Amino acid sequence: MTEKIQESTNSEKRGRLMMKTWQAVKRLLPMTAIFGLILAGCGREDLSVLRPQGPAAESSLGLMKLSITIMVVVLLIVFSIAAYVIIRFRRKPGQQEIPKQVEGNFKLEVLWTVIPLILVVVLAVPTVKAVFAAGNDHANDKNAIKVKVTGHQFWWEFEYTDYGVKTAQDLVIPKGKDIAFELTTADVLHSFWVPSLSGKIDTNPAGTINRFSFSAPNEGVYRGKCAELCGPSHGLMEFKVKSVSEDAFKQWIASMKSPVAVLPEDPELAKTFKNQCLKCHAVGDQGLAVGPNLTGIGSREAIAGILLNDDTGVDGAPIEENLKTWLHDPQSVKPGNLMPNPKDLGLSDAEIDGIAAYLANYKLD
Ligand code: CUA
């Protein structure tokens, strides 16, 4: 009889324990799901600091690896000692006396002061070295390509001061060369960041200029982001860095400089384009570059920085389609941007489509 009662209380205990475990799991599930989702967002290949494509990003990753290695080693040692102590010095059944107290042990205190000091020095030396190396902004380097970056809500302007060339959204650079950046903003704080190439740098208002430099040894297209909350479309404030061969870069500068301001063929459309679009945008030497400069927009990687151009439709949509999406309703693509809706300017759907087609074919040679 007593055995039976014992058995039933035991199974009750087990049941309660299982219930508790299940409740804990249930509570953890949503958190695990949320972390899973957040971490999945880190998986975008071209936006990862874990795949460095240039010396500046490589040095950051090196520092990360060094500090994580040290942390893991410390963690393993401390946890092993803790586990050993917990098991080895457990209170035995019937043990009542207070164990021998060891506070103020001189040897131990020296040990756990000196070891962290050594670790801090091991971390500090390469960090200080990397910080000073990153501080070389190449501002006075004759061989560096000078680019003035201006952040706008929600797009990027790039001016090649030595060449008199201004563009937007696609930063074309020659591979292997140091690019000397001079950064500022036209409105609020932004932060210029190309994860696979470099660290972040703020763009400050009121004439404050920040400088930094990076280089891209390989050809390729790297995705850049704004890394400072700057308004409703902060998360959409993307740009591209296109690293090309030296010859291709020279060719690009030459075609940007030659006045390729071909207006739409249709005279009516050309008039509309001139009277409306060129009030804020520039093509070649015409128009005002208050908004993004549109010279050679047909050769760019994306429209509005985020609608990726891809004729195959695999990694985006054909450029003409993207231009239509943008021009028919800019606010739905990038909420809070300053571009007026062309329809509010009196443009018909046919005119908007015509301008999309014209811009899509406005390529650089
Ligand atoms: Cu600009 Cu965030």
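Remember, predicted model here, so these are calculated numbers, not experimental data. Just so you know, ligand 1 is whichever comes first in the structure, and atom 1 is the first atom listed for that ligand.
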Original post:
Would you call R223 and E238 a salt bridge, using N to O less than 4.0 angstrom?
Top reply: yes
Original post:
Which N, O or S atom name in H234 marks its closest approach to atom 2 (Cu) of ligand 1?
Top reply: ND1
Original post:
Under 4.0 Å between a Lys/Arg side-chain N and an Asp/Glu carboxylate O for K148 and E182?
Top reply: no
Original post:
At atom 1 (Cu) of ligand 1, what is the angle formed between atom ND1 of H190 and atom SD of M237, rounded to the nearest 10°?
Top reply: 90°
Original post:
Are the aromatic rings of F239 and W155 close, with centres under 6.0 Å apart?
Top reply: no
Original post:
With the threshold set at 4.0 Å, does a side-chain nitrogen-carboxylate oxygen contact exist between E219 and K242?
Top reply: no
**OP:** Kindly give the atom name of the N, O or S atom of E228 closest to atom 2 (Cu) of ligand 1.
**Re:** O
**OP:** Please confirm if an N, O or S atom belonging to C230, backbone or side chain, lies less than 2.8 Å from atom 2 (Cu) of ligand 1.
**Re:** yes
